[in-house]
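Remarks on the structure that follows.
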There are 2 protein chains.
Amino acid sequence: MTRIVDVARRAGVSTATVSRVLNGKSVRPALAAAVHDAVAELGYTPDRTARSLRRRHSETVALVLPDVENPFFTAVARGVEDAALAAGYSVVLCNTDDRADKEDLYLTVADVENMAGVVLAPADAHPAIDRLVERGRSVVVIDRRVAHDVDQVTFDNRALGHRAATALLDRGFRRIACVTGPATTSTAVDRAEGWRAALHDAGLAADDDLLVHANFRVDGGYDAIGTLLGRSPAPDAVVATNNLAGVGVLRALADRHGGPVPAPAGDGPDGPGLGVGVIGDLPFATSRTSDVALVPLNPRGLGTTAARLLLERIAGSDAPARHLVQEIGDGTDAVAPARPA
Amino acid sequence: MTRIVDVARRAGVSTATVSRVLNGKSVRPALAAAVHDAVAELGYTPDRTARSLRRRHSETVALVLPDVENPFFTAVARGVEDAALAAGYSVVLCNTDDRADKEDLYLTVADVENMAGVVLAPADAHPAIDRLVERGRSVVVIDRRVAHDVDQVTFDNRALGHRAATALLDRGFRRIACVTGPATTSTAVDRAEGWRAALHDAGLAADDDLLVHANFRVDGGYDAIGTLLGRSPAPDAVVATNNLAGVGVLRALADRHGGPVPAPAGDGPDGPGLGVGVIGDLPFATSRTSDVALVPLNPRGLGTTAARLLLERIAGSDAPARHLVQEIGDGTDAVAPARPA
DNA sequence: TTGCACGCTGTAATCGATTACTGGCAGGCT
DNA sequence: AGCCTGCCAGTAATCGATTACAGCGTGCAA
């Protein structure tokens with residue numbers, strides 16, 4: 001292992017000078033050149049651990065997610081990883097299973113490991129990030145809004161719900177149900193609100209019968225179809241407000257009578273078909289998705305945006321906390337400042 | 001930040017004693033108790049960075065994967081994470097996109113970051129792990145076999161291929177094609193070999209026409225169906241040797257005539273249906289999977305097994321390199337030693 | 001009683017990079 | 001000439017935990 005002293009000796013300078021050259025402080029050109037030569041000859045890379053000890057923070061960021069097995073979050077992870085890596089940071093991945101206690105654990109780990117920062121998709125509306133923030137660690141919250149005064153990046157969830165419902169309205173459906181997540185998550189609530197607003201805008205009632213608070217997993221969507229088909233009158237279409245609920249809905253329909261229908265007229269042989277709208281992407285769909293009204297998201301963009309904010313904080317920005325809205329149009333990753341609440 | 005000296009002062013002992021208590025060396029019980037009290041009162045946690053500097057390796061393991069967006073690998077990641085976390089290690093995730101250059105980069109990062117070890121699903125048969133091994137870092141290779149003398153955990157891929165083909169034979173199919181991955185990966189080759197053997201065992205010819213070397217992604221499976229339907233005589237069923245190729249196959253069939261058929265008799269309205277067998281799981285399938293002959297895997301078990309081996313190495317085991325075969329029966333994570341090659 | 005061995009504890013060195021502080025030198029000003 | 005300023009480079013302190021080494025006390029044997 002070559003150390004900084006080896007480089008210093010070889011270049012005929014002090015370790016301080018080597019350090020300065022490597023960190024871009026001003027040094028006489030001749031010495032800088034000698035240092036660079038020595039570094040190249042010895043193949044020297046600074047020891048990250050020693051550097052972290054001295055600098056009091058590491059070059060690692062934590063990405064704390066409810067569920068890495070959800071393709072939405074894996075895409076987020078890719079985005080974070082891309083941006084972080086380009087800046088020389090590594091990403092450690094942490095799964096909370098949507099449980100506050102595991103989340104706390106990981107946030108503590110991030111703290112005692114002196115990680116440079118945390119990107120957090122919180123399990124509930126009150127993540128334990130205050131201590132981290134007080135200690136000067138950078139934190140960016142994504143996907144779900146929280147009341148804390150930290151940087152946040154979310155989608156315009158109300159607009160997403162509105163758009164999904166409108167797409168089904170445009171296809172001619174009239175009695176449109178909504179399968180959303182727990183009422184405790186802002187994402188679930190906001191998307192459902194958008195759905196409701198779209199129905200109102202179309203002059204239709206958003207019957208409470210038609211709103212199901214399930215969970216954001218496959219089984220939630222699956223079971224919700226059972227519930228909804230028991231309503232009378234039954235809906236003629238359903239909006240699933242996230243990808244996994246959408247998978248569950250589609251699988252339930254496939255198990256019953258062959259899948260979603262593109263328009264109200266298209267009754268299948270096994271009963272009246274349901275139209276389906278899904279907020280999110282279905283990268284592993286095993287059926288035709290052209291009959292589904294998809295409102296694609298841009299989770300990877302969400303990840304890169306969050307990482308960018310985080311890196312700015314790590315670099316020392318002390319601007320007031322920002323709340324960005326991740327744009328989704330056509331997979332670009334443009335970002336708009338949040339509407340004033 | 002409370003440091004070890006604070007604890008030492010409070011307990012009225014030296015830092016050496018505190019360290020020894022915390023690391024389980026023998027210390028007079030009275031002092032140990034005092035240290036424990038002080039630790040509890042101050043809420044002390046040792047600084048991992050400082051510890052890593054001194055111990056010359058960190059408490060982090062790298063998990064280097066071709067593609068975290070593939071549900072198979074995310075499940076592997078969960079397994080590794082569970083086991084590593086239980087042992088107090090963090091996991092950093094690295095995406096190689098199946099490219100050797102990115103893989104090299106990450107392996108180098110793992111080295112210069114003094115990571116305790118690496119779990120690697122290699123992009124090709126010759127990962128650059130020799131330098132890591134020489135430097136005494138622990139390495140476990142998973143999923144694909146390599147010629148290096150390191151611990152490896154794989155599935156019995158030949159048996160998997162055999163089983164998938166046999167399942168289709170049992171359903172009455174006779175002209176069974178195979179869509180597998182690049183001929184450069186042992187996994188793709190072995191599974192195809194199993195497919196071929198099953199046909200031979202049934203007294204059928206494994207026509208070269210029916211073996212497609214695609215890639216292990218969705219588009220590979222999708223396009224392969226186009227190729228196979230152009231053969232004459234066309235196959236009556238197809239084995240996809242990994243999950244994503246399976247997704248592609250199913251989606252291609254859905255786009256053409258409504259999906260897989262459970263048996264050769266079941267011609268659909270839009271043409272002769274194909275039977276489908278898939279090695280792997282389809283957690284995000286949006287169609288009925290009961291018509292698909294699934295050979296489920298146990299990627300999470302693969303991950304925990306690999307992590308277990310890795311942790312043993314990190315703890316200092318210098319047993320000869322092991323090659324384990326991950327069992328898949330019923331989702332358990334039992335492990336058998338490899339058959340002698 | 002003296003000597004030796006053993007076991008526990010404390011002091012201080014160590015891991016490797018960063019950086020506060022000090023000192024030297026050059027150039028400009030009075 | 002004498003003084004001050006500013007720039008640059010080197011020395012050494014520093015981050016916090018671990019551990020080699022030394023010292024001390026106890027107990028046993030001669």
Side-chain angles (χ1 to χ4, degrees), chain A residues 1-36 38-39 42-60 88 111-116 135-137 314-316, chain B residues 1-36 38-39 42-60 88 111-116 135-137 314-316:
Chain A
M1 192 62 183
T2 64
R3 293 154 313 160
I4 197 170
V5 289
D6 303 324
V7 176
R9 241 193 297 277
R10 178 128 187 174
V13 299
S14 73
T15 61
T17 299
V18 175
S19 175
R20 284 193 270 256
V21 170
L22 265 38
N23 291 288
K25 316 268 160 108
S26 81
V27 163
R28 194 150 41 106
L31 295 192
V35 168
H36 282 128
V39 166
L42 298 174
Y44 168 74
T45 1
D47 184 296
R48 309 271 217 115
T49 309
R51 169 177 288 179
S52 299
L53 178 61
R54 182 60 225 233
R55 290 218 180 128
R56 324 264 308 132
H57 72 80
S58 72
E59 286 156 304
T60 300
D111 187 25
V112 305
E113 291 239 28
N114 295 321
M115 292 188 184
R135 298 234 212 170
R137 301 230 185 281
I314 292 170
Chain B
M1 194 62 184
T2 63
R3 294 153 314 161
I4 197 170
V5 290
D6 302 324
V7 176
R9 241 194 296 276
R10 178 126 186 175
V13 299
S14 72
T15 60
T17 298
V18 175
S19 174
R20 285 192 270 255
V21 170
L22 265 38
N23 291 289
K25 318 266 161 108
S26 83
V27 163
R28 193 149 41 104
L31 294 191
V35 169
H36 281 127
V39 166
L42 298 173
Y44 168 74
T45 0
D47 185 296
R48 309 270 217 117
T49 309
R51 169 177 291 180
S52 300
L53 177 60
R54 181 62 223 236
R55 290 214 180 133
R56 323 266 310 132
H57 72 79
S58 73
E59 285 157 302
T60 300
D111 187 26
V112 305
E113 291 239 28
N114 295 320
M115 292 187 186
R135 298 236 212 167
R137 300 230 186 281
I314 291 171

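Nothing here was measured: the structure is a model prediction, and the numbers come from that model. Naming convention: chains lettered A, B, ... in sequence-line order (proteins, then strands); numbering from 1 in each chain.
Here dC15(D) presents its C1' atom at 13 Å from CG of D47(A), a figure rounded to the nearest Å. Distance R54(B) CZ to dA20(D) C1': 8 Å, rounded to the nearest Å. Note: CD (E113(B)) to C1' (dG16(C)) measures 15 Å, nearest angstrom. Straight-line distance from the CZ atom of R48(A) to the C1' atom of dC15(D): 18 Å, rounded to whole Å. One interatomic measurement links the two molecules: CG of L22(B) to P of dA17(D), which rounds to 9 Å at whole-angstrom precision. One can place CG of L31(A) at 7 Å from P of dG10(D), the figure rounded to the nearest angstrom. In this structure, R28(A) places its CZ atom 15 Å from C1' of dG6(D), rounding to the nearest Å. What separates CG of D6(B) from P of dC15(D) is a distance of 11 Å, to the nearest Å.
One distance of note links OG1 of T49(B) with CZ of R55(A); it measures 13.0 Å at 0.5 Å rounding. One finds the OG1 atom of T2(B) at 10.5 Å from the CZ atom of R10(B) (value rounded to the nearest 0.5 Å). Note that CZ of R9(A) is 10.5 Å distant from OG1 of T15(A), once rounded to the nearest 0.5 Å. The distance from the CG atom of D47(A) to the CZ atom of R54(A) is 15.0 Å, given to the nearest 0.5 Å.
Regarding contacts with the backbone of dA17(C), every side-chain N or O of S19(A) stays at 4.0 angstrom or more from both OP1 and OP2. Listed pair R51(B) / dT18(D) meets the phosphate criterion, a side-chain N or O lying under 4.0 Å from OP1 or OP2. S26(B) has a side-chain polar atom (N or O) that falls below the 4.0 Å cut-off from OP1 or OP2 of dC8(C). The shortest distance between the side-chain N/O atoms of T15(A) and the OP1/OP2 oxygens of dA17(C) is not below 4.0 Å. Note on Y44(B): every side-chain N or O is 4.0 Å or more away from OP1 and OP2 of dG16(D). OP1 or OP2 of dT19(C) sits under 4.0 Å from a side-chain N or O of K25(A). OP1 or OP2 of dG16(C) has at least one side-chain nitrogen or oxygen of R56(B) nearer than 4.0 Å. Here R55(A) reaches the OP1 or OP2 of dT18(C): one of its side-chain N or O atoms lies under 4.0 Å away.
Mapped onto DNA chain D by nearest heavy atom, L53(A) and T17(A) fall at different nucleotides, with T17(A) at the one closer to the 5' end. Remark on DNA chain C: of its neighbouring residues N23(A) and V27(B), the 5'-side contact belongs to V27(B), judged by nearest-heavy-atom nucleotide.
A donor and an acceptor atom sit less than 3.5 Å apart, one in the side chain of R20(B) and one in the base of dG10(C).
Using a 4.0 Å heavy-atom distance criterion, V18(B) is classed as making no nucleic acid contact.
With S58(A) contributing its side chain and S52(A) its backbone, the two residues share no donor-acceptor pair below 3.5 Å.
When distances run from any side-chain atom of R3(B) to the nucleotides dG10(D), dC15(D), dA17(D), the shortest one goes to dA17(D). Distances were taken from every side-chain heavy atom of I4(A) (C-beta onward) to each of dA17(C), dT9(C), dC15(D); the shortest belongs to dA17(C).
Scanning all heavy atoms of the two residues, the minimum distance from R137(A) to M115(A) falls at CD-O, 3.4 Å.
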